[in-house]
Amino acid sequence: MRPKIKEMVEYICPKCKMKISVEKGKRVPSLYCRNCLKNKQLIMLRLIYQKTEQSSDTIFQNELKAKD
């Protein structure tokens with residue numbers, strides 16, 4: 001029996017570029033970067049969107065519609 005592959009979601013700090021990976025569907029412990037909190041700065045993490053073929057095709061089709 002194969003182990004299930006867990007889908008992960010990644011967040012990144014725009015200031016220090018630290019990445020955090022969390023299992024899809026679970027909550028992030030904190031939306032603030034822990035590195036930046038040590039320096040007493042409140043920097044929110046940003047979600048890194050995963051590019052898929054379907055999403056890129058949709059974007060391309062929307063661009064074609066906009067040109068017409």
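Hydrogens, waters and symmetry mates play no part in the numbers below; they use all other heavy atoms, side chains included. No experiment lies behind these values; they were computed from the predicted model shown. Positions are given from 1, in the same order as the sequence printed here.
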Hey, what do you get for [atom1] ([X]) to [atom2] ([Y]), rounding to the nearest 0.5 Å?
X: Cys16; Y: Lys38; atom1: SG; atom2: NZ; answer: 10.0 Å
X: Leu47; Y: Ile12; atom1: CG; atom2: CD1; answer: 11.0 Å
X: Lys19; Y: Glu10; atom1: NZ; atom2: CD; answer: 5.0 Å
X: Cys33; Y: Tyr11; atom1: SG; atom2: OH; answer: 14.0 Å

Original post:
Does Pro14 offer a backbone N or O that forms a donor-acceptor pair with the side chain of Lys17 under 3.5 Å?
Top reply: yes

Are [Y] and [X] connected into the same hydrophobic cluster when the rule is that any two of I, L, V, M, F, W, Y join if their side-chain heavy atoms are below 4.5 Å apart?
X: Tyr49; Y: Val28; value: yes
X: Leu45; Y: Met18; value: yes
X: Met8; Y: Ile48; value: no

Original post:
For Met44, what residues pass the side-chain contact (heavy atoms from CB on, under 4.5 Å) criterion, not counting sequence neighbours?
Top reply: Leu31, Tyr32

Subject >> More than 12 heavy atoms from other groups under 6.0 Å of CD on Glu7 >> reply: no

Subject >> 4.5 Å side-chain heavy-atom contact, Cys13 and Asn35 >> reply: no

Original post:
Are Gln41 and Lys15 close enough that some pair of their side-chain heavy atoms sits under 4.5 Å apart?
Top reply: yes

